Amino acid sequence: MYIFLFQANFFDEYQMEGVSAEQNEIYLELAPENLSRALKTAQNAKAVKIKLTNRHCPCLTVAVELPSLSSTSRIVTHDIPVSVIPRRLWNDFKEPTVPTFDVSIYLPTIKTMKSVVERMKNLSNLIVIEANRNGEINLKIETDLVSVSTHFKDLGNPPWVSDDASQSSTQERDTDVMSEATVDIKKLLQFLAGQQVNPNKAICNIVHKRMVHFIFLHDDVSLQYFIPAIA
């Protein structure tokens, strides 16, 4: 999963110095629950400052300035241990290259989709996601004992623009032809269960029988999730 936060929407002031001018980045690894606990104390804060420090070990220090009845500020500081990823391993954390997709479609409401998948998980470990360029998407499970399918229509297809010749060729496909991918239903449900707020736009890209690529767009955040297909 890849999540992008737009700097200007979260920070009034921002200073960043990476390893070099050409590679102005720092890769950190941390336990997300530690960061979540620290940020919960900042819900009513006047200001929050986050910086990388070295307190016996590398830490992400979260300084929370809380409202006070006196003229003295109340500041709560959280030191979250982090691991600094060496540059030689950066390629392991790069965003995957998405192959040319065969179909791209807007998703139904996440709450509805989650409810459908939750019912299906009791019947099978695998789910087939198929869609076309006519705004239709189907969720299916097939076993020796049962076959269940849920259909959504009139969802719309994003108007992608690409200079890639191969991508242009997919735009000429018959709009009713379905592209599909079979994925682990637990991985799909894990992703859907983590979405607490319905995104402004939710897009599903399918690389036929190879991958499902989800893009969730919020006002301030974009989230991508990749699920490989199972043969």
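Keep in mind it's a predicted model, so treat the numbers as computed, not measured. Values below: all heavy atoms of this structure, side chains included; hydrogens, waters and symmetry mates excluded.
To the nearest 0.5 Å, atom CG of residue Asp79 and atom NE2 of residue His56 are 9.5 Å apart. The distance from the CG atom of Leu139 to the CD1 atom of Ile127 is 4.5 Å, given to the nearest 0.5 Å. Once rounded to the nearest 0.5 Å, the distance linking CD1 of Ile206 with CG of Asn132 reads 9.5 Å. From Ile80, atom CD1 reaches atom CG of Leu52 across 11.5 Å, with rounding to the nearest 0.5 Å.
Using a distance-only test at 3.5 Å, with no hydrogens or angles considered, a donor-acceptor pair links the side chain of Thr41 to the main chain of Ala38. Within the 3.5 Å criterion, the main-chain N or O of Ser104 finds a donor-acceptor partner in the side chain of Asn157.
Side-chain contact check for Arg119 versus Thr150: every heavy-atom pair is 4.5 Å or farther apart. Here the side chains of Val128 and Glu142 are not in contact, with every heavy-atom distance at 4.5 Å or above. Residues Glu118 and Lys114 form a side-chain contact, since some pair of their non-hydrogen atoms from C-beta on lies under 4.5 Å apart. Within the 4.5 Å cutoff, the side chain of Ile227 has no heavy atoms near those of the Asp184 side chain.
With no hydrogens or angles considered, a side-chain donor-acceptor pair links Asn34 and Arg37 at under 3.5 Å.
Summarising the geometry of Thr143 relative to Ser124, their closest heavy-atom pair is CG2-CB, 3.9 Å, with the distance given to 0.1 Å. The shortest non-hydrogen separation linking Pro108 to Leu155 is CD-CD1, 3.9 Å.
Counting non-hydrogen atoms of neighbouring residues, nucleotides and ligands closer than 6.0 angstrom, the CG atom of Asp92 exceeds 12 such neighbours.
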Could you give the side-chain donor-acceptor pairs of residues 207-214 under 3.5 Å, partners two or more places apart or in another chain?
from   : atom 1 : to     : atom 2 : distance (Å)
His208 : ND1    : Glu180 : N      : 3.1
His213 : ND1    : Asn205 : ND2    : 3.3
His213 : NE2    : Gln224 : OE1    : 2.7

